> 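Sharing a structure, written as structure tokens. Questions coming.
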There are 2 protein chains.
Amino acid sequence: MTNHTPKSGAQLLDRAVLLLDLVAGGSREGMTLKALCEQAELNKATCHRILNSLAEHGMLDKDPDGRRYRLGTKLLVLGAKAANGPGLRSLCQPALTRLCQESGETTMLMARDRDDSVCIDRHDGSFLLQTLTGSIGGYVPLGVGPGSLSMLAFMAADEREEVLERNWPRIAAYPALTRDKLRRLIDETISQGYALDRGELVPGVAGIAVPIRVAETGPVASLGFTILSARLSSEMIERYVQALRDEVASIEPHLNPLDRRLTSPERILGQS
Amino acid sequence: MTNHTPKSGAQLLDRAVLLLDLVAGGSREGMTLKALCEQAELNKATCHRILNSLAEHGMLDKDPDGRRYRLGTKLLVLGAKAANGPGLRSLCQPALTRLCQESGETTMLMARDRDDSVCIDRHDGSFLLQTLTGSIGGYVPLGVGPGSLSMLAFMAADEREEVLERNWPRIAAYPALTRDKLRRLIDETISQGYALDRGELVPGVAGIAVPIRVAETGPVASLGFTILSARLSSEMIERYVQALRDEVASIEPHLNPLDRRLTSPERILGQS
DNA sequence: CCTTTTGTTTCATATTATGGAATTTATATA
DNA sequence: TATATAAATTCCATAATATGAAACAAAAGG
């Protein structure tokens, strides 16, 4: 996810979030004060004070021996609340369950978050497949992978270009995706109405996805399947796309701002 | 979870975390600036600045119309990382899967976090049962419910009393638990070696749990089943306790500080 | 045991966050 | 549609807060 470091009239907060990101992205065994100081380019004392305040609040945990910091339990609690709250996950859960049960495939709900696509929920099918985004909470730049691509493709053209401009560097990290290739994929997605990956990003693992759109805002999420590419057939694609479209059609009215008072008070998650 | 408001040399952070907690605990439709100002007893402008900085960083999301704040996608991402990282969840995942598959029961992994017990992972069995802690991320004060109780009971006596002292007010919120009752439950748990709830906290829903302990620190987690109390039998209890103990026995060596270099570099999650 | 490295505490300083007031924007009412 | 009310946002002089250099303490390494 993009590491904004905005001067937002709250320097201390900017620094705290930066440190959380560094801990999140750092060594799996936890980060030492020294490493964090260096990476964040902060003074030892300052860094120490922030880290310990975060630990105090449960946002970070310190080892028993107190020499390494890692993400804390409060983040787990807040994260679970963020996912379950009102919004996409709750709204789409029945659809996700149905799709997974009827198809037996791994089914994914992705949401847009600024320039990224985050996995909000996932139901595993009969096969355990490696997906691009991994489990819940995993993310990819908008454009990478079918769930993500289906959102990018259906954004307003100007916004799409802005996102692409910002995302190119990160997209370049995927050897399977050149600029031309992605352009072609976007065009295909628009004309077909769904995004398809035949197994090029994660070898052997294919995916289909359909965007969930809100009138003014554009796509806010996507619903899709992850499938062993060996099993992929055009008949299957057709059938699955139809199933996804049906579910999306029954979800979208709940997200349309005009209908808000008429439908449930659900709101969408993942908007800036 | 206890709302520490420690003057930790980082006022701004204290305030930011307080606001996150208020948003997390507040109305499911999101919190307005006004409401948050009042509850946090902060100046409107100050509050506004902090909330927007948090939103800027993705820790909060603002509605499309920008009048309500709710938990942001970044919390979901960080929360997932906190859960998956090295530590209890990964370490216990195989055990959890085995226990659930072999018994068909809802299986829970709880971790200690200060004075609380947090649900770190959960595998649903054949029945969908309402549990005390709900899903992942849910928490209860130490002492409430078998998973939580099994940890409290096996803490060092002095520490246990300190925790109890702090927790009484919150425990009082559970009508099924009087002081005497909890004292009795703790004694029972110690003598039996496992915690049992026959369905008194959530009517009709029983639970068994066994603590996961680390040599110096004491219990850091617990593994347990949630069962329809109607189906509970003493034979079943015996069998399930044995299954839990077997798994715990194979987990504990990985957590023992002495063995750390010998075993995997897994560390525990949820220590203060 | 001594040396080096890493973590913690202190405190005078100035940078940063603060909050009262003014302005803009949205919502409710006539 | 106009008007009143309330909420959100921006501004800026002020003071309180976070800062970081340095001194200190505690581990790790030799």
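Chain identifiers are assigned alphabetically (A, B, ...) following the order of the sequence lines, protein sequences preceding nucleic acid strands; residue numbering begins at 1 within each chain. Being a predicted model, the structure only gives us computed values, none of them experimental.
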> Round to the nearest Å and state the distance from B:Lys34 atom NZ to C:dA26 atom P.
19 Å
> Just the table, please: protein N/O against nucleotides 18-23 of chain D N/O, every pair under 3.5 Å.
| from | atom 1 | to | atom 2 | distance (Å) |
| --- | --- | --- | --- | --- |
| D:dA18 | OP1 | B:Gln11 | N | 2.3 |
| D:dA18 | OP1 | B:Leu12 | N | 3.0 |
| D:dA18 | OP2 | B:Gln11 | N | 3.4 |
| D:dT19 | OP1 | A:Gln11 | OE1 | 3.4 |
| D:dT19 | OP1 | A:Arg15 | NH1 | 2.7 |
| D:dT19 | OP2 | A:Arg49 | NH1 | 2.7 |
| D:dG20 | OP2 | A:Thr46 | OG1 | 2.9 |
| D:dA21 | OP2 | A:Asn43 | ND2 | 3.4 |

> Start with the C-alpha gap between A:Asp116 and A:Arg170, add the side-chain angles, then the distance that decides, and say whether salt bridge (Lys or Arg N to Asp or Glu O under 4.0 Å) holds.
CA-CA 11 Å; A:Asp116 292 88; A:Arg170 293 193 297 149; 2.9 Å; yes
> Out of A:Thr46, A:Asn52, A:Leu51, which one pairs with A:His48 under the side-chain contact (heavy atoms from CB on, under 4.5 Å) rule?
A:Asn52
> For the helix from C:dC1-D:dG30 to C:dA30-D:dT1, figure out the bend between the end axes, five pairs an end, and round to 10 degrees.
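The angle separating the two end axes equals 60°.
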> From CZ of B:Arg68 over to P of C:dA26, roughly how many Å is that when rounded to an integer?
16 Å
> Nearest whole angstrom, please: distance from the C1' of D:dA8 to the CE of B:Met31.
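Atom CE in B:Met31 sits about 16 Å away from atom C1' in D:dA8.
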> With a 4.0 Å cutoff (strictly under), does any side-chain N or O of A:His48 reach OP1 or OP2 of C:dT8?
yes
> Roughly, in whole Å, what's the span from CD in A:Glu56 to P in C:dT8?
13 Å
> By salt bridge (charged side-chain N to carboxylate O under 4.0 Å, His left out), which residues pair with B:Arg67, not counting sequence neighbours?
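Salt bridge (charged side-chain N to carboxylate O under 4.0 Å, His left out) check on B:Arg67 returns nothing, list empty.
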> Measuring only between side-chain heavy atoms, which start at C-beta, is B:Ile171 closer than 4.5 Å to B:Leu164?
yes
> Calculate the interatomic distance between B:Glu38 atom CD and D:dA8 atom C1'; express it in whole Å.
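Roughly 14 Å, once rounded to whole Å.
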> Starting at CG of B:Leu33 and ending at P of C:dA26, how long is that distance when rounded to a whole Å?
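Spelled out: CG on B:Leu33 to P on C:dA26 is 15 Å.
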> What is the distance, to the nearest angstrom, from the CG atom on B:Asp63 to the C1' atom on C:dT27?
15 Å
> Report yes if some heavy atom in the side chain of A:Val17 is under 4.5 Å from a heavy atom in the side chain of B:Glu56; otherwise report no.
no
> Please assess B:Asp63 against B:Arg70 for the test side-chain contact (heavy atoms from CB on, under 4.5 Å), listing each intermediate value before the final yes or no.
CA-CA 8 Å; B:Asp63 284 24; B:Arg70 59 177 68 85; 3.2 Å; yes
> Dump the pairs, protein N or O against N or O of nucleotides 25-30 of chain D, anything under 3.5 Å, distances to one decimal.
none

> Checking B:Glu162 now: which residues fulfil salt bridge (charged side-chain N to carboxylate O under 4.0 Å, His left out) with it, not counting sequence neighbours?
none
> Rounded to whole angstroms, how far apart are CG on B:Leu54 and P on C:dA17?
13 Å
> Which is it for B:Lys74 and A:Asp113 under the salt bridge (Lys or Arg N to Asp or Glu O under 4.0 Å) test, yes or no, and what are the steps along the way?
CA-CA 9 Å; B:Lys74 175 164 241 154; A:Asp113 185 46; over 6 Å; no
> Using side chain to side chain contact (heavy atoms under 4.5 Å, CB included) as the criterion, list what pairs up with B:Cys37, not counting sequence neighbours.
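Side chain to side chain contact (heavy atoms under 4.5 Å, CB included) list for B:Cys37, sorted by chain: B:Leu33, B:Lys44, B:Cys47.
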> Can you tell me how far the CG atom of B:Asp121 sits from the CG atom of B:Leu88, to the nearest 0.5 Å?
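Going from the CG atom of B:Asp121 to the CG atom of B:Leu88 covers 10.5 Å.
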> Scan B:Ile50, B:Asp14, B:Leu60 and name whichever one has a side-chain contact (heavy atoms from CB on, under 4.5 Å) with B:Leu19.
B:Ile50
